[in-house]
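Shown next, in structure tokens, is the structure this report addresses.
Computed from a prediction, not measured in an experiment: that's the story for all the values here.
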Amino acid sequence: MSASRVQQILLIAAFLAMVGVVGPSQVVCDLRKGDSPQILDLFRQKPSQANLRRFESSLENGCTLAQGVRPWMQTARFVLLRDTGDRALLGRDGWFFYRPAVQYLIEPAPPTQEVVAAVLAFRDDLAKRGIKLLVMPAPNKASVYPEMLAARAVRVESVNAGTCGVLAELKAAGVEVLDLFELYDQAAEKAGSPPFYLAQDSHWSPEGMRLAAEAAAHKLLDAGWVQKGVTRYKTRSMPVERYGDVLKMIRVPQVERLFEPQKMNCTQVVDAGTGKPYVDDPNSPVLVLGDSFLRIYERDEPTSGGFVAHLARELGFGLTSVISDGGASTLVRQQLARKPSLLKGKHVVLWEFVERDIRFGTEGWQVVPLP
């Protein structure tokens with residue numbers, strides 16, 4: 001009998017033992033507290049689907065032994081079966097992937113009409129105010145490193161057809177797009193290039209973020225949309241260690257402790273004159289909209305070390321930013337519509353959204369007219 005088969009049998013046996021012990025132990029716990037055994041609730045109400053689900057949820061949350069045993073059972077499932085729950089996926093060499101992002105990658109291409117219509121409407125609304133729009137979709141990690149998800153994955157086939165369709169339609173409609181898919185693909189071919197995404201996290205690494213910021217600055221300057229500023233910024237090394245967001249999505253501390261926190265070579269952007277960390281400028285000619293790809297390193301540790309700060313350093317002036325975790329498809333534009341004063345004096349809007357939001361964007365892709 002194979003080792004994996006033995007592991008499966010041991011896990012099943014442990015599960016059956018837990019099922020057999022949890023019920024009687026909870027009855028004992030209820031009686032010791034002077035409470036009526038919770039199991040009797042099952043016979044006091046009509047056995048409808050809603051009542052059964054309510055009872056199941058109450059039993060799950062109220063069972064003392066189950067709450068204590070559950071994390072260890074989940075740890076056993078991870079160790080023996082590589083079960084990472086409903087939000088995470090374990091790839092190769094300790095790499096974790098956000099399950100919805102992988103789901104987006106492998107499913108048929110989603111409809112693109114709403115995405116393109118929302119972007120074009122936003123572009124046209126800004127154009128009426130004399131403001132340029134640069135769109136920057138942030139690739140899913142699996143689109144850049146499919147080989148770390150599965151050994152047989154092929155890099156050239158990793159980008160979802162829906163993503164390709166959106167990029168092609170936007171470019172054909174005259175929308176300026178910063179293609180990070182092409183950027184990372186070319187950079188990854190260079191010998192010794194660092195990973196552009198974090199192994200335990202869904203977001204780009206400090207190196208991947210800085211590469212995107214440099215490319216965005218070159219795009220804006222080369223197009224003549226902005227002029228290089230005179231503010232001098234410098235960087236200081238700020239190493240950071242933390243567990244990645246995807247690893248934390250497993251929601252089992254015992255599993256987290258099986259891994260070391262990931263070390264990141266972050267750099268904080270500071271004013272060269274005062275030495276103070278970078279801060280946004282509400283009077284900037286550039287407004288940056290985006291999601292957690294802009295939040296990481298900027299508002300998280302080390303702070304003032306994310307995409308916005310590094311783009312400001314490349315341009316030589318401070319920026320204005322609106323950041324909404326998971327809300328770059330529609331929520332950031334709704335925030336802008338509620339506060340149109342953010343557009344005062346703006347020449348450019350840079351709009352970042354993560355690739356998976358083409359299908360899973362919060363609030364979808366609504367057309368949000370600017371007042």
Checklist entry - Is any side-chain N of the basic residue among K132 and E176 closer than 4.0 Å to the acidic one's carboxylate O? => result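 Looking at K132 and E176, the cut-off is not met.
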Next on the checklist: Quick test of your reading of the model: are R99 and D86 salt-bridged, counting only N-O distances below 4.0 Å?
Outcome noted: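 No.
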Would you confirm whether [X], through its side chain, and [Y], through its main-chain N or O, come within 3.5 Å as a donor-acceptor pair?
| X | Y | answer |
| --- | --- | --- |
| R333 | S329 | yes |
| Q200 | E260 | yes |
| Y145 | F196 | yes |
| Q268 | M238 | no |
| H310 | T267 | yes |
| S205 | G208 | yes |
| S284 | G318 | yes |
| E214 | E314 | no |
| R251 | M249 | yes |
| E352 | G290 | no |

Next on the checklist: Looking only at the side chains, is there a donor atom on one of Y243 and D245 sitting less than 3.5 Å from an acceptor on the other?
Outcome noted: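 Note: Y243 and D245 side chains miss the donor-acceptor criterion.
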Next on the checklist: Is a donor from one side chain sitting under 3.5 angstrom from an acceptor on the other, for Y104 and T163?
Outcome noted: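 Yes, because at least one side-chain N or O of Y104 sits under 3.5 Å from a partner of the opposite role on T163.
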Item to check | Residues V354, N140; criterion side chain to side chain contact (heavy atoms under 4.5 Å, CB included); working and verdict | outcome: CA-CA 7 Å; V354 66; N140 291 327; 3.8 Å; yes
Taking the side chain as everything from C-beta on, heavy atoms only, tell me whether [X] gets closer than 4.5 Å to [Y].
| X | Y | value |
| --- | --- | --- |
| S143 | L105 | yes |
| W204 | I296 | yes |
| E107 | R359 | yes |
| M136 | F307 | yes |
| E301 | M264 | no |

Checklist entry - How close do V367 and A117 get, heavy atom to heavy atom, and via which atoms? => result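 In terms of heavy atoms, the two residues are closest at CG2-O, 4.3 Å.
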Checklist entry - Which value, rounded to the nearest 0.5 Å, describes the distance between L336 atom CG and L370 atom CG? => result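 One gets 5.5 Å once the value is rounded to the nearest 0.5 Å.
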Checklist entry - Between atom OG1 of T330 and atom CZ of F353, what is the distance when rounded to the nearest 0.5 Å? => result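 The CZ atom of F353 is 10.5 Å from OG1 of T330, to the nearest 0.5 Å.
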Next on the checklist: Looking at F97, I'd like to know if the NZ or CZ of K141 sits under 6.0 Å from its six-membered ring centre while staying within 45 degrees of the ring's axis.
Outcome noted: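 Satisfied, under 6.0 Å and within 45°.
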Item to check | Qualifying residue, where the test is side-chain contact (heavy atoms from CB on, under 4.5 Å) with S324 and the options are L331, D291, L294 | outcome: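 Exactly one pass, corresponding to L331.
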Checklist entry - If you draw a 6.0 Å radius around CD in E207, do more than 12 non-hydrogen atoms from other residues or ligands fall strictly inside? => result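 Counting other residues, nucleotides and ligands, CD of E207 exceeds 12 neighbours.
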Checklist entry - Are Y233 and L220 co-members of a hydrophobic cluster defined by side-chain heavy atoms under 4.5 Å apart? => result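 Cluster IDs for L220 and Y233 match.
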Checklist entry - Are F96 and F259 an aromatic pair by the rule of ring centers under 6.0 Å? => result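 Here the rings of F259 and F96 have centres that are less than 6.0 Å from each other.
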